[in-house]
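Keep in mind that this is a model prediction, so the values were computed, not measured. Just the heavy atoms: all of them, side chains too, but no hydrogens, waters or symmetry mates, feed the values below. A note on names: the letters A, B, ... follow the listed sequences, proteins ahead of strands, and every chain is numbered from 1.
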Amino acid sequence: MPTRTLTKDLRAHIGREVRIQGWVRAIRDQKRIQFLIVRDHTGLAQAVVERAEGRADINQTIAALTRESAVTIDGVVVENAVVKTGGVEVQIRSLRVDNLADPLLPLDPSGPTEPNPEVQANWRYLDLRRPESLLIFQIQTAIEHAMREYWIREGFIELHSPKLMGSPSEGGAEVFELEYFGRPAYLAQSPQFYKQMAMAAGFDRVFEIGPVFRADPSFTTRHSTEFTGLDMEMSWVESHEDVMAFEERWLRYTLERVKAQFGDAARETFGVEIVVPEVPFPRVPMGQAQEIVARRGHTAPAERKHDLDATGERLVGEYAAEEFGHEFAYVTDYPVDVRPFYHMRHPSNSAITKSFDLLWRGVEIATGAQREHRYDVLVRQAKEKGLNLEPIQFYLEFFKYGCPPHGGFGAGLARMLMVLLKLANLREATFLFRGPTRLSP
RNA sequence: GGGGGCGUGGUGUAGCCUGGCUAAACACACCUGCCUGUCACGCAGGAGACCGCGGGUUCAAAUCCCGUCGCUCCCGCCA
């Protein structure tokens, strides 16, 4: 008997005794009868008990109960069309208070208004009790699952690369430094070098879903200092086009799966329609992107006229939506000066890289490229960027003993979730947000 | 890093511009009592903030000024 029944399954247990477990969302304690609304991760259920001599203990417990307490209820499921929680209710036989909640909640998960961001962050576990919060992470699980499924089906190997590094992977300004047994170490801001090392190792195709760290003091709704990176790298590509072609099919599959599982829930809770994108996605070379942006009346600051700023990206997103009816757009052919040294350059035009960004509804969600796999060219490009070769020598060595041509991309999980569900802020799509001013809980 | 906004009981806000008329108001939550099935339950009563912090102006400041701390948004950086 003490097998737990989820609230969503009560209808299948009419007339039988069940145990439900969850949080007290509401207490309606009346003279003759007492109602509890109990929430678990699958929904709401009403539990009811009449005030009577034989149930004085239960009646008393309920009189002293508080909202958001954790309870276990045993009782019989009865059908009652009047009841708004699914037309069924549980007639309480016994009630156990597993954890009584303090009556003064710092954050009310079923309250009429949303608390301030700071209150939400400080009491994140109460904030996460809101069903819409739960749904975000159920959808995140489905996304990750579908992505991993597609990768594995395509012959990829899953990688877990180290996050502690002896030298900053590239550049250096945006890397966290920490003390490592008396010498400096750095938190990986990308698995870039290691996934390329797997190419040199002959793994052919790899992916990694793991934490990445960025020491940028960014204050926007779409940045954090620690997030889950989605990275992949594939060997024997002819160009970055092969990578883009993979990525768009991977995304189409993922959204297909997520829509099938959560399309209705996403519509009801967030008012968003999950669209399974057509492939190929629209492609917009940087030169054309600049024209589109200019035509739409936006002028980027002179010093970054080779790149797209956030507004520019939004406008290219609008363009893709209007011209192609598409939520996604690849921006390709970024100039050398706005790309890292390891991006391969076009053989016909060395000022342009074989790289791309992927925009979703005008928000940058991924960056990719074909990598430079020729040792001497790579060294030349690193020098050109003014890099100190010594700390990256281990990386450069990958390309001295037979490394296949390869390419890949990196994307951000929370950022994709934010765009998918049209959330106002990345932190809603992050279990525990880390930012320049947020390091706890 | 640059710019804007905000900071009032447990929570969300009003009041601030046009200082005193409010011993700081409203909603939700909380406490007490009442209520024959409630379902945003209802009704009656009650407790709870000296208005982020520090300084200044003034007869008088939550309200004006300066500083400071915190949060937040935009830009930049990027996923």
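Out of C30(B), G76(B), C78(B), the shortest distance to the side chain of P103(A) is found at C30(B). The side chain of E89(A) lies closest to U38(B) when the candidates are U38(B), C75(B), C39(B). Side-chain proximity of F35(A) to the nucleotides C73(B), C35(B), G37(B) is greatest for G37(B).
Look at the C1' atom in both C26(B) and C69(B): the space between them is 30 Å, to the nearest Å. On the P atoms, G56(B) is 26 Å away from C16(B), given to the nearest whole Å. Taking atom C1' in both G5(B) and A24(B), the straight-line distance is 24 Å, to the nearest Å. Spacing between A60(B) and C74(B) at atom C1', rounded to whole Å, works out to 39 Å. The gap from the P atom of C53(B) to that of G7(B) amounts to 13 Å, rounded to the nearest Å. With both ends at atom P, the span from G52(B) to G10(B) equals 13 Å, rounded to whole Å. Annotation: C30(B) and C21(B) have their C1' atoms spaced 32 Å apart (nearest Å). The gap from the C1' atom of G54(B) to that of C28(B) amounts to 34 Å, rounded to the nearest Å.
Here E118(A) lies in heavy-atom contact (under 4.0 Å) with sugar-phosphate atoms only. V363(A) comes within 4.0 angstrom of nothing in the nucleic acid, heavy atoms only. Using a 4.0 Å heavy-atom distance criterion, G410(A) is classed as a sugar-phosphate-only contact. E313(A) comes within contact range of at least one nucleobase, with a heavy-atom separation under 4.0 Å.
U36(B) is unpaired under the criterion used here, namely a Watson-Crick or G-U wobble arrangement in which both key atom distances are under 3.5 Å. Pair check for C64(B) finds G56(B); Watson-Crick or G-U wobble, both atom distances under 3.5 Å. Here A23(B) sits opposite no nucleotide as a Watson-Crick or G-U wobble pair (both hydrogen-bonding atom distances under 3.5 Å). C71(B) is paired with G5(B) under the criterion used here, namely a Watson-Crick or G-U wobble arrangement in which both key atom distances are under 3.5 Å.
With hydrogens and angles ignored, no donor-acceptor pair under 3.5 angstrom links the side chain of E50(A) to the base of U36(B). A donor-acceptor contact under 3.5 Å links the side chain of R415(A) to the base of C78(B). Between the side chain of S218(A) and the base of C77(B), a donor-acceptor pair under 3.5 Å is found.
Looking at F227(A), F176(A), Y186(A) one by one, the single match for side chain to side chain contact (heavy atoms under 4.5 Å, CB included) with F213(A) turns out to be F176(A).
Look at CZ on R67(A): it is 11 Å from C1' on A40(B), rounded to the nearest Å. Between the CZ atom of F356(A) and the P atom of A79(B) there is a distance of 11 Å, given to the nearest Å. Regarding D307(A), its CG atom lies at a distance of 10 Å from the C1' atom of C78(B), rounded to whole Å.
When each of Q46(A) and R339(A) is assigned the nucleotide of RNA chain B with its nearest heavy atom, Q46(A) is the one assigned upstream, toward the 5' end. Along RNA chain B, the nucleotide nearest K84(A) and the nucleotide nearest T225(A) are compared for position; the residue whose nucleotide lies closer to the 5' end is K84(A).
The aromatic rings of H240(A) and H346(A) sit perpendicular, their planes meeting at an angle over 60°, well past the 30° parallel limit.
The cationic atom of R153(A) (NZ for Lys, CZ for Arg) lies less than 6.0 Å from the six-membered ring centre of Y253(A) and within 45° of the ring axis. Taking the ring centre of F433(A) as origin, the terminal cationic atom of R438(A) falls outside the region bounded by 6.0 Å and 45° from the ring axis.
Applying the 4.0 Å criterion to OP1 and OP2 of C74(B), one finds that T221(A) has a side-chain N or O inside that range. Contact annotation: Q30(A) side-chain N/O to G37(B) OP1/OP2 distance is under 4.0 Å. Phosphate contact (OP1/OP2 of A79(B), side-chain N/O of T367(A), threshold under 4.0 Å): present.
The side chain to side chain donor-acceptor pair (under 3.5 Å) check on E313(A) picks up nothing, with sequence neighbours excluded. Taking T228(A) as the reference, nothing meets the side chain to side chain donor-acceptor pair (under 3.5 Å) condition, with sequence neighbours excluded. For T72(A), the side chain to side chain donor-acceptor pair (under 3.5 Å) partners at least two apart in sequence or on another chain are Q21(A), R96(A), D98(A).
A salt bridge links E384(A) with R345(A): the distance from a Lys NZ or Arg NE/NH1/NH2 to an Asp or Glu carboxylate oxygen falls below 4.0 Å. Between E241(A) and K354(A) there is no salt bridge, since none of the side-chain N atoms of the basic residue sits less than 4.0 Å from a carboxylate O of the acidic one.
Proximity of a side-chain donor or acceptor of R361(A) to a complementary backbone N or O of V419(A) within less than 3.5 Å is detected.
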> Using a cut-off of 4.0 Å between protein heavy atoms and nucleotide atoms, how would you tag nucleotides 3-14 of chain B 5' to 3' with B, S and -?
Replying inline: -------SSSS-
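Residues from residues 417-441 of chain A placing a heavy atom under 4.0 Å of any atom in RNA chain B, listed by number, are N425(A), R427(A), T437(A).
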> Hey, mind stepping through E208(A) and Y194(A) against side-chain contact (heavy atoms from CB on, under 4.5 Å) and telling me if it holds?
Replying inline: CA-CA 10 Å; E208(A) 174 162 352; Y194(A) 298 124; 5.9 Å; no
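Legend: ring pair (Phe, Tyr, Trp, His ring centres under 6.0 Å) pairs involving residues 10-47 of chain A, not counting sequence neighbours: none detected.
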